[in-house]
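Data block below; observations after.
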Amino acid sequence: MIHRKKRTARYKIIADSDGNRYRFFCEASGAVVCTTKPVRADTQEKELFIAWEQEGKTYFNRCGKCGRYVCDTMYNADVCECVDCAPWEKTPHYCKKCGRAIPDGNTFCGECGKRAMYGEVWA
Amino acid sequence: MSEKLEKIRLENMKQYGFGVEAMKQIKVCAECGNSSSANQQFCTECGHRLPEKTLYDTYKERHKCCPACDTVVTDESDYCQQCGAKLENNKLKTG
């Protein structure tokens, strides 16, 4: 029994002879991520719940900052945020704060103490 | 992390559909949401003309870029982490 609305990725309903299929979209790119098997339930809300919980959400990643559901391509797995909230960072050669060279393997800048990669998102 | 390990990391990410190299390969149809290869002009699902921009192009437009080496940088960066160039505050690369 659903007592409150749970959020899902943006979706579209596609009628099928065996029920309704739910097509879920990445909330960052707009790409189709998955189209579920047909589901049937008493209400559309219950159908959505079943489609999302049993199938749809397994294909998504939830951004830890904005909460949007995004596909793998739009997800920065290093920091568990979407790429809009946290662009990818490669191994740094220079400190983003003071510009000093960072030797390979250093986690922090020796000059200003700033974390070499990803800053505040990593506690 | 050495350059070699970084390269392996990036290759693995691409293989699993993560990262900028994966974004460079994909265009999304504005009409139906189907993902297509970056070198296609029309959506194979609905026939609609695909956008010129790949997911990577859109990603670059949403972030600050280093004017010297074109690396996407975080908004709070004062210097480019790859080439060390000083970045102007709140300067966004215009697309």
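As the structure is a prediction and not an experimental result, all values here were calculated from the model. Naming: A, B, ... by sequence-line order, numbering from 1 per chain.
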Please flag which part of B/Phe18 lies under 4.5 Å from any non-hydrogen atom of chain A: side chain, backbone, both or neither. both

Engaged part of A/Phe25 at the chain B interface, taking heavy atoms whose separation is under 4.5 Å: side chain

Inspect the contact between A/Arg40 and A/Glu47 and indicate whether a charged nitrogen and a carboxylate oxygen are less than 4.0 angstrom apart. no

Answer with yes or no whether the side chains of A/Asp78 and A/Tyr118 bring together a donor and an acceptor at under 3.5 Å. yes

Determine, for A/Asp16 against A/Arg21, whether the closest basic-nitrogen to carboxylate-oxygen distance falls under 4.0 angstrom. yes

Using a cut-off of under 4.5 Å for heavy-atom pairs, which of A/Cys95, A/Ala28, A/Cys98 has the most such pairs with chain B? A/Cys98

Does a side chain donor of either B/Gln82 or A/Tyr94 reach within less than 3.5 Å of an acceptor in the other side chain? no

Honestly, the part of B/Ser35 sitting under 4.5 Å from a heavy atom of chain A is side chain

Residue part contacting chain A, namely of B/Cys32, when any heavy atom lies under 4.5 Å: backbone

Over 12 non-hydrogen atoms of neighbours within 6.0 angstrom of CD in A/Gln44: yes

